[in-house]
Amino acid sequence: MQVTDNVEKQKALDLAEESREKEWKHPSFVAELFRGNFQWEQVYPFPDQDPADKRIGDEYIEKVKAVLEEYVDPDEVDRTGEVPREAILALAEIGGFGMKIPKEYGGLGFSQTNYSRVVSFIGSYCASTAVWLSAHQSIGVPQPLKVFGTDEQRKKYLPRLAKGAVSAFALTEPGVGSDPARMITTATPSEDGSYYLLNGEKLWCTNGPVAEILVVMALTPSITVNGKEKKQITAFIVESDMPGFEVAHHCSFMGIRGIENGVLRFTNVKVPKENIIGKTGEGLKIALTTLNAGRLTIPATATAGGKGCMYLSKDWVNERIQWGVPIGKHQAVGIRLANMAANTFAMDSMTLMSCSFVDRGSKDIRLEAAMAKYYCTETCWSMMDDFVQVRGGKGYETVASLRARGEKPIPAERMLRDTRISRIIEGTSEIMQLFIAREAMDTHVSRVMPIMDPRTPFSKKWPLIRKAMGFYMKWLPKQYLPSSAAFNVRYLSAANQDHLAYVGKTSKKLARSLFFAMAKHKQKLEREQLVLRCYVDIGTDLFAMAASLSRAESLLAKNPSDKTLQDLVDLFCRNAKKRIADNFRRARRNHNWLVNRVRDAYMEGKYDWMTTDIYKELEAPSAKSAAPAEKETLEPVPTAKAGS
Ligand SMILES: Cc1cc2nc3c(=O)[nH]c(=O)nc-3n(C[C@H](O)[C@H](O)[C@H](O)COP(=O)(O)OP(=O)(O)OC[C@H]3O[C@@H](n4cnc5c(N)ncnc54)[C@H](O)[C@@H]3O)c2cc1C
């Protein structure tokens, strides 16, 4: 069993390694941070949105707002599980499905910043409606076609997609979540190679039940490299009217109840070879590259969630009097409010900075986007929890019930449910940690891992060892020298100057610690997820601090005496420093060994004695009670014709 597990794990790791983008074509601020090289000049001055571009976004948000106000009642969407068809058609008519599609193909050609602003604006009103648009163009067909598609594919599909032919992304399968190596959907080539027959099932495909055009990942025949079988995952454009395509089940969820999501079945679906995106075997790489920028709408929406909590809490914490004062004045409530504000500023700064990096095209953003996704979704979730707590019983009550009692219909309960999914989709938080750790360690992995890999022949090891020694003899001593970053900051307070110096100094400490962790654990470091998580969290906090300080500087330049802003960023940085100190301590001194022991005992059933005296029939639900609420099967949304 252990042997099989290890083989499976190695296969998963090998596939992940093959599919990652190996080159760093552009500088990466965060990758340098992990190497002990804090490059303040990469993030300062803050890359503010160009005013002309901002105007385009502002005007479009007004249009979207009018559509939402006319057609969408978010509580009704939550109750019925449907976004009104009129809303989808109206959004299609104003180009909502073509925001990320270039103008030459009939799209709006928005910048990443404007696209994120619009989707997060919609999300702050109705999360389900936002998901319709973002599943279509953050991960659906438009993005991979833009980057990897052929001219013919772009001309054929992008104009349709821009007009509102809904698209979806189908990777997950019943056995494939975070681990695509377990994929079993196949695409078998015809004898003459002119088409492929697609067979299999895809799970939880957002927009899948209403999509006209989908990107589907499937296994094409394996190839043999150095005597070893190498799995080939390939991306196909599939149209839902191809015979053999079927929506097998509509899924329903805790939140975002108005999304369309289902199990898709493919039975001998004949897909022409021209529908392959990129090359055979490049599917996973295409998916991962697409997600690098694609996942930025998630932190943007999470940030909008934070802003929503701030906005909806403010009057309440002033008006609600308990024990003689407004509840916000009780320090136990006050700390939640202060952190809400400080964290929202950090989330906004990280997201805006990452989007702007995409727009400028001069930076590698894979780490920044993953960190923004990880940090913002985790923080937004705890902020939603605070929001519910601050609202007390009214935070737990549904909008319908509040309204019926004549209370303000503040949807804290729905917002909490809607938010939860963002820590799972487009890379769970745990997978984001692994992704960040791998990219952060690239300097070392690329130099040291081939030496440690038992599969590397001995004759090849010596030159690698000599090269690595040459590198580390120069690199390591530098990690003990003071940071040479030029902190050209005119307006920041003395406190914030200190914070900036701290980021420079701590970046070096992080680089050293990572190096020594690798020397200590060697290849087993990959298994030390709790240690790696500490370093990932430190790096993420350093990025959040740098982004917040840079943005604060940019805002303070316009209004130097704004003490409230200085306090805001000061609070965020002080909190971050405490977390960082904690994480360094936990990486060094921990009882992870004990965690592992208790975990093993639990998994082996040795604590089953504790779970007596509870109702256990849940283990064997009757077929009837197990059946999820069926959604009415919807006809695919027709392509919205311009002007129709
Ligand atoms: C509402 C919704 C919409 C979705 N939309 C789409 C879509 O449009 N297209 C699509 O293809 N998929 C979609 N998904 C699937 C989604 O991407 C997966 O749920 C997600 O990738 C996690 O996979 P999983 O649920 O199978 O969890 P698993 O991979 O089974 O993971 C279970 C738990 O184990 C953890 N875990 C797994 N591997 C590791 C590891 N190596 N180290 C540490 N922890 C690990 C995970 O983080 C998680 O906490 C959607 C899912 C939902 C619920």
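For ligands, and for the atoms within them, numbers begin at 1 and follow the listed sequence.
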Kindly confirm or rule out an N or O of [X] lying under 3.5 angstrom from an N or O of ligand 1.
{"X": "Thr206", "value": "yes"}
{"X": "Phe253", "value": "no"}
{"X": "Leu171", "value": "yes"}
{"X": "Ser178", "value": "yes"}

What protein heavy atom sits nearest [atom], and how far off is it?
{"atom": "atom 53 (C) of ligand 1", "value": "Ile421 CD1, 3.4 Å"}
{"atom": "atom 49 (O) of ligand 1", "value": "Glu430 OE1, 3.5 Å"}
{"atom": "atom 24 (P) of ligand 1", "value": "Gly177 CA, 3.8 Å"}

Inset, instruction - Using protein heavy atoms only, decide if any is under 4.0 Å from atom 32 (C) of ligand 1. - result: no
Inset, instruction - For atom 1 (C) of ligand 1, state whether the nearest protein heavy atom is under 4.0 Å away. - result: yes
Inset, instruction - Please check if the side chain of Thr186 supplies one atom and the backbone of Thr188 the other of a donor-acceptor pair under 3.5 Å. - result: no
Legend entry - N/O donor-acceptor pair under 3.5 Å between Ser240 side chain and Ala211 backbone: yes
Inset, instruction - Before accepting this row, confirm whether a basic side-chain N of the pair Glu528/Lys524 lies closer than 4.0 Å to the acidic partner's carboxylate O. - result: no
Inset, instruction - First locate atom OG1 of Thr443, then atom CZ of Phe34, and finally report the distance between them rounded to the nearest 0.5 Å. - result: 10.5 Å
Inset, instruction - Decide whether a cation-pi geometry holds between Arg154 and Phe148; the criteria are a distance under 6.0 Å from NZ or CZ to the six-membered ring centre and an angle within 45° of the ring axis. - result: no
